[in-house]
Amino acid sequence: MNAIASHQPAPAIPIAQGGIADVVAASKLSLVFDTNDGPVQALSNVDLTIGKGEFVSFIGPSGCGKTTLLRVIADLEKPTSGTIMVNGMTPEQARERRAYGYVFQAAALFPWRTIADNVALPLEIMGLSKTERAERIRRTLELVNLSGFEKKYPWQLSGGMQQRASIARALAFDADLLLMDEPFGALDEIVRDHLNQQLLELWARTNKTICFVTHSIPEAVYLSTRIVVMSPRPGRVTDVIDTNLPLERPLDIRESPEFLAIAARVRDGLKAGHSYED
Amino acid sequence: MNAIASHQPAPAIPIAQGGIADVVAASKLSLVFDTNDGPVQALSNVDLTIGKGEFVSFIGPSGCGKTTLLRVIADLEKPTSGTIMVNGMTPEQARERRAYGYVFQAAALFPWRTIADNVALPLEIMGLSKTERAERIRRTLELVNLSGFEKKYPWQLSGGMQQRASIARALAFDADLLLMDEPFGALDEIVRDHLNQQLLELWARTNKTICFVTHSIPEAVYLSTRIVVMSPRPGRVTDVIDTNLPLERPLDIRESPEFLAIAARVRDGLKAGHSYED
Amino acid sequence: ADKVVLQLKWVAQGQFAGYFVAKEKGFYEEEGLDVEIKNGGPDIAPEQVIAGGGADVIVTWMAAGLAARDKGVKLVNIAQPYAKSGLELICPKDGPIQTEADFKGHTLGVWFFGNEYPFYAWMHKLGLPTEGGPDGVTVLKQSFDVQPLIQKQADCISVMTYNEYWQAIDAGFKPEDLVVFNYTELGNDLLEDGLYVIEDNLKDAAFEDKMVRFVRASMKGWKYAVDNPEEAAEAVMEAGGQDENHQQRMVGEVAKLIGDGKLDPVVYERTTKALLDQKIITKEPEGAYTTAITDKALQ
Amino acid sequence: MRASLPWQIALVLLAAAAGGVLQVAAAGDGGPGNIWPALGLIALAAAGAWSMAGKPAAQAILLFIGAHGAAWLLLNGVSGHEGRAGPSFYLALVGAWLLAWRCVSVLSMLKPASLGGRRLLGLIIPLIFGAWVLILWEAIVRGAGIPFLLLPPPSAIAERIGVSTAVLAADFRQTVLKAVLAGYIIGCASGFIAAIAADRFVFLRRGLLPIGNMAAALPIIGVAPIMVMWFGFDWPSKAAVVVIMTFFPMLVNTVVGLSASGHMERDLMRTYASGYWPTLVKLRLPAAMPFIFNALKINSTLALIGAIVAEFFGTPVVGMGFRISTEVGRMNIDMVWAEIAVAALAGTLFYGVVALVERAVTFWHPSIRGG
Amino acid sequence: MDSFRSKIIPVTTLLAVLVVAWYAFAVVLNGPFQRDLDRRAGETPGQIEFLMRTWSQPKPTLPAPHQVAQNFYKSTFTVKPWSNRSLIYHSWVTLSSTFVGFVFGAALGILIAVGIVHFASLDRSLMPWIITSQTIPILAIAPMVVVVFASIGITGLFPKALISTYLSFFPVAVGMVKGLRSPEVMHLDLMRTYNATRPQVFWKLRAPASLPFLFASMKVAVAASLVGAIVAELPTGAVAGIGAKLLNGAYYSQTIDIWAALVAGSLVAVMLVALVGLAGRITDRAMGGRPA
Ligand SMILES: Nc1ncnc2c1ncn2[C@@H]1O[C@H](COP(=O)(O)OP(=O)(O)OP(=O)(O)O)[C@@H](O)[C@H]1O
Ligand SMILES: Nc1ncnc2c1ncn2[C@@H]1O[C@H](COP(=O)(O)OP(=O)(O)OP(=O)(O)O)[C@@H](O)[C@H]1O
Ligand SMILES: Cc1ncc(C[n+]2csc(CCO)c2C)c(N)n1
Ligand SMILES: [Mg+2]
Ligand SMILES: [Mg+2]
């Protein structure tokens, strides 16, 4: 285990010193990776606040630091400089209070557990009863349309099914903050639309805060209250767009002019971060 | 090693008995996986011919057998029944002649090799000279916009960068048949557009045959000469759509009515395979 | 010079001083012999070595030699430098055993690896079963040392007069603290440390002559060692022996056991009878010893 | 279809021909009998198998009969002529052996559809291999007349096993059922616990591992007498030696295995704020299982060696190690080998059981999933 | 190395604990005999005097640490390193055959594993017998091996190294079979799509993937090799080597000598295992290993 993973007592930091509503508050956040051929500036001077109940999407070219930023929020990576608070605490304290659920970019299922047991994993750790676990597993697997695959092992599923299993695992956890790293990347449009709606519904119903990394501009616009556009080398935030779309969002809102205007703005921001000149 | 992997002498089968132009010819192809809780019909009665120089996309709900079909063509999986020929040979013979390059759904990079060395892997196996290798590595890494990351190890790259490295590896191989399993799944729109164009250009220039699995309907329509729509449980082909779009395809062809009409047809086919009733 | 390979039964120590002296002092050379002495060890069976052609002549106990002969390795005793046995059983005086009558129901330490026959012959004579229980004795296969006595794991242990006995003394026992049962004194001794060769080889006159010279030089070495224990201990140390003081003491004790090299037929008979009684050998051995060599060597 | 000539068959025919010529040349010097029938059988089986290419099952049966029939003839023929075997005898033997080799190759290429068939094949192949170890041993020992004291023929060993079952059973009980089992369980468990302790506490990891390495080399010969001093001369001291021998492999493998889990998986557990123990039980131990079973397998044979060797020191007069050292002294080499045979059988079974459990526990690992 | 410094305190602390326990243990184990001695001599020493006596017996059941240390010091630093009395000399003798045996054993183990992974017939026919071979007690066959070699004129290092090889190839073979089979299914599939030859699959995929297993196994193997070398020193006539020291010590009940030799053997083991571990770390780093 690296230094981060080792168990140090968290420094005592006053809780909720900023507004209580700030779920994530980062300021001047930077992170440099040391590699065999020199340092890589993965995050540079990131300032960001996310309020309670927001749905924030992160979008940006590959390698711009989206994953890294999510990992810093999750206390899986320590920033090199700058400060970050989660729920008014250090990320470490927040993590220890199980403040968030995380969906990784890859499925990260345990090969020795069946799909149902994989979903059960966080529930076991939280110490839920067997019946409670069974109920949640049933519900979340149904949500991602994997009913009937409970007893299969991960290597017996297709790529998309594995991805959905890992989403089910994070949803079963039922934390107030959801960190999702391209959860729907391996899914086709239809499933994606379906899951987008499910997620929106869940979010509206439960007032969760969601940080959502995606590569799809329509998806970002459709889902979010705010879109954070990032740019690489060094990884930084170049634009923050409030969508202001109505809370009730049928799928065909995607053809509305407001929607397309926001999408265009995101696309421009994205293009600026790319080195292609087409 | 399983039965498939063992080295049996290939039965002598007359080469190019069908039309020489048929790169893939499958008829009544079925494949059943035995699992701990019963058999899974991953492919059922698939009939399919792909001519030389075609660009065929496979699209279908997650778990419908797209990957499995590609694996059968690549001789990574043996069909339970039915016949399949690749370049007029058995898949095994075709594989032994290095008839195709394969991009897996996951990056599958070797963790102990740098990015450059990962791309070099197939070239080493083909016995290319060092200078030739260096040249191809440079060219393909540039193509996927990874120049400057030659000396990094896979775990030092972001998810999208790993995916691109694995595309570079397949392109460096330079086979006449390319089997690509959701190669652009982890990439954002801009990179995706860029790579789509690069791929089309490569295809037009070299007259390669490409089998391309994707979840994106626009991508499938934009790239292909033909779209194969599949449906799960059991995995089967439900529709084959000729696109008949002009060879010259600017990106904005995607707004043309022909394009949208085809996309709509694909979407309908796709929906039919899903169990959601929305 | 004629090459002779001698395989000892144990590591280099005063027990074999005669051979080391003969080599060191050039007695073998004088006889035109080039003798190589191979040390033994806790799991070297000299009988195996000679059967495999790894030696021309070996030092071993007669019981083991006859057992090998019974199994088809035709060993013949050509000389018997040790006239007496050095084996004895010692028990602490403050323990339960004072006389042979006290053995019943107690644990006795015994060396195996072919050294157990005298003990079993003795028990046989006493009519004591060796399977344990209140009416018999429990046998413990003893390691190289006197620890079982110190640890009280056994009530008595086997020792050699020239070796382990002194280790017990070194460990803090005084001679008067010990009850000693000496096999020779009790008339239970079976012949130890004789010289054996393969019978068929003796048919070759050249080999026989070589052995005559070898025995002659060896006995000369023994005589010298008995007369000059210090120098003998030196030769032992030279050959890889450990602990000079201990070796000197050992040579001194060994000297009391060495005879003229000729086999005593009476002890031979007793040995064969004991072995037959215990079914170690299945038939009366014939031609298991010859006096021809010693007759020629030691006029 | 005319198949190519497999090299074993080619050599068989060559050996048979050369054997025939030499046998003619050596005629009448009273060597082993049955050479002619054996050579004939070998040549016949070889030619037959060659002509039957394409029918592997029939080929295998023919080769099997040819090889073992010839072996039987040769072994019968040599009895009464020990030590007088000439080149023709050995050539015939080599011929028969090559037939068996070919037979095993043909069998290995078979892929029976049924599970039972595969199991049977998995049993037959090593058995043929083992049978030939014994046949060659028997034939060479008797053909060359190697002294019984150096190496008894398998037939004598088998006979001895038959005669001395009671003694062998008592020794087995003493050594395997008491010392080995107890020592193995305690040794593996303590190695495992030490590894966990070293993993849990950085302080212990830095201090314990180097000291654990020291235990690695504590040579049995040095330790066994000490254990006898401490634990008495009965089986507990042997078990203690086994504990020391099995401790280290388990320690090393567990420590390596505990770091074998993936980074993303460990991050996942961190996001659950999973404590040390849940992470250990749910992620790191399962991922370490392939390594742990490595140690369990290696230890299953080490334990047996350790217990037997420990009995070379102070013991009661029962036990496999005691018997081996004592019977060497008594020149009952057949008994020594009988004990070795029992040890080999017990060890192989022990290992087999561990390997079966491994298959069940690490079913998910590529090394098992892949075949 | 920085890790070396960070180890010093924990190692010394643990060693200190060990030493204290050792002294206590020495009293427990030597006490009864000391009481016997005192009783026979008619003495009644005080508590302290009694402790001192249990720690200074000439042939103690468990020698006290300082007795061992004195002996170790004497036979390491005060005598010429190449003399028969020097532990350095004996360690060197053992070390050399350990090393030769280990190199051959590791090579043989890898070779066998490669064969087993590549040929189904070897896996089926050879593996069970390799396992069987390991259940044969070496001490029983070591003398026979030594005798057989001696009878054809081969003595010295070679037969000893052979026993070491015999003991050390097995852990390597078992570990490497596992390791060579550990590559991900997808990586193997990738190589298949390249129609890579078996040697290519081996060198480019199986071998690198097996390294963690190899180094774990080699640590065990090098220790086993040392045990083998020591065991093999007994029947060779026990003239030189740690085994010979142990045997002579045992034969003359010189428990202090035994313990000094044990300490020497353990130090050699620590060194060997540490060397293998170091080699493992260097390889890992060269292969872009991610800091754990
Ligand atoms: N462990 C690491 N060591 C060194 N460099 C790293 C490490 N992880 C990420 N990086 C580098 O940091 C930068 C940002 O990576 P990150 O994974 O955050 O990108 P991303 O925005 O998630 O991209 P993608 O959309 O492709 O997943 C990249 O240049 C990457 O090479
Ligand atoms: N090795 C296997 N063992 C058992 N079942 C399998 C195996 N591989 C795939 N399957 C099953 O076969 C079906 C088809 O899987 P496949 O991977 O071909 O789907 P896919 O179309 O590629 O899906 P996705 O878009 O999610 O990658 C699925 O139901 C899956 O569970
Ligand atoms: C296992 C074992 N067997 C015998 C002895 C004792 N011993 C004393 S002298 C001698 C050589 C024969 O003359 C032997 C073997 C022992 N210490 N250990
Ligand atoms: Mg990412
Ligand atoms: Mg797929």
Side-chain angles (χ1 to χ4, degrees), chain D residues 104-105 108 122 125-126 128-130 133 150 203-204 206-208 210-211 213-223 225-226 229-230 248-249 252-253 256 259-260 263 290-291 294 297-298 301-302 304-305 308-309 312 321 324-325 328 336 340 343-344 346-348 351 365-367 369-370, chain E residues 6-7 10-11 13-15 18 29 61-62 120-121 124-126 128-129 131-132 134-140 144 148 170-171 174-175 178 181-185 188 212-213 216-217 219-220 223 226-227 230-231 234 242-243 246-247 250 258 261-262 265-270 273-274 290 292:
Chain D
V104 168
S105 310
S108 306
I125 292 173
I128 294 181
F129 186 90
V133 172
L150 281 187
F203 188 80
L204 278 186
R206 303 225 171 102
L208 198 67
I211 292 172
N213 293 353
M214 285 174 99
L218 286 184
I220 352 172
I221 330 93
V223 172
I226 296 170
M229 287 179 207
W230 292 2
F248 181 71
V252 166
N253 276 283
V256 174
S259 62
H263 283 262
F291 286 86
N294 231 359
K297 286 200 280 189
I298 291 170
T301 62
L302 273 187
L304 208 65
I305 299 183
I308 289 177
V309 170
F312 280 39
I324 288 174
S325 64
V328 170
V336 173
I340 290 179
T348 310
Y351 186 99
H365 192 258
S367 69
R369 250 197 291 146
Chain E
S6 66
K7 271 181 192 160
V11 171
T13 317
L14 270 169
L15 277 179
L18 221 66
L29 285 166
T61 302
L62 175 60
S121 61
R124 289 182 179 172
S125 55
L126 196 59
W129 292 95
I131 298 156
T132 304
Q134 289 300 303
T135 59
I136 294 175
I138 17 156
L139 215 56
M144 301 190 202
V148 167
F170 183 69
V174 170
K178 191 96 207 162
R181 283 182 178 156
S182 69
E184 295 290 331
V185 177
L188 283 168
F213 286 85
S217 303
K219 278 189 192 176
V220 174
L226 181 60
V227 171
I230 292 176
V231 166
L234 306 186
I242 293 175
L246 283 173
L247 183 70
I258 299 181
L262 277 180
S266 295
L267 287 179
V268 170
V270 170
V273 174
R290 184 174 182 175

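Residue numbers begin at 1 in each chain, while the letters A, B, ... track the order of the sequences. Values below: every heavy atom of this structure, side chains too, minus hydrogens, waters and symmetry copies. Quick caveat: nothing in here was measured; it's all calculated off a predicted structure.
- The shortest side-chain heavy-atom distance between D:His365 and E:Lys178 falls under the 4.5 Å cut-off.
- With chain D as partner, the option from E:Leu267, E:Val220, E:Ile258 having the largest number of non-hydrogen pairs under 4.5 angstrom is E:Val220.
- Relative ring orientation between E:Trp129 and D:Phe129 is described as tilted, the plane-to-plane angle lying within the 30° to 60° band.
- For chain D, the nearby parts of E:Ile131 are the backbone and the side chain; heavy atoms of each come within less than 4.5 Å.
- Here the side chains of E:Phe170 and D:Leu302 are not in contact, with every heavy-atom distance at 4.5 Å or above.
- Between D:Leu304 atom CG and E:Gln134 atom CD the span is 11.0 Å, to the nearest 0.5 Å.
- Separating the CD1 atom in D:Ile308 from the CD1 atom in D:Ile324 is a distance of 5.0 Å, to the nearest 0.5 Å.
- Taking chain E as the reference chain and counting heavy-atom pairs below 4.5 Å, the highest number among D:Val256, D:Val104, D:Val252 is found for D:Val252.
- Of the listed residues (E:Ser182, E:Ala274, E:Ala261, E:Ser217), the greatest number of heavy-atom pairs within a distance under 4.5 Å of chain D belongs to E:Ser182.
- E:Leu62 touches chain D through its side chain: at least one heavy atom from C-beta onward sits under 4.5 Å away, while N, CA, C and O do not.
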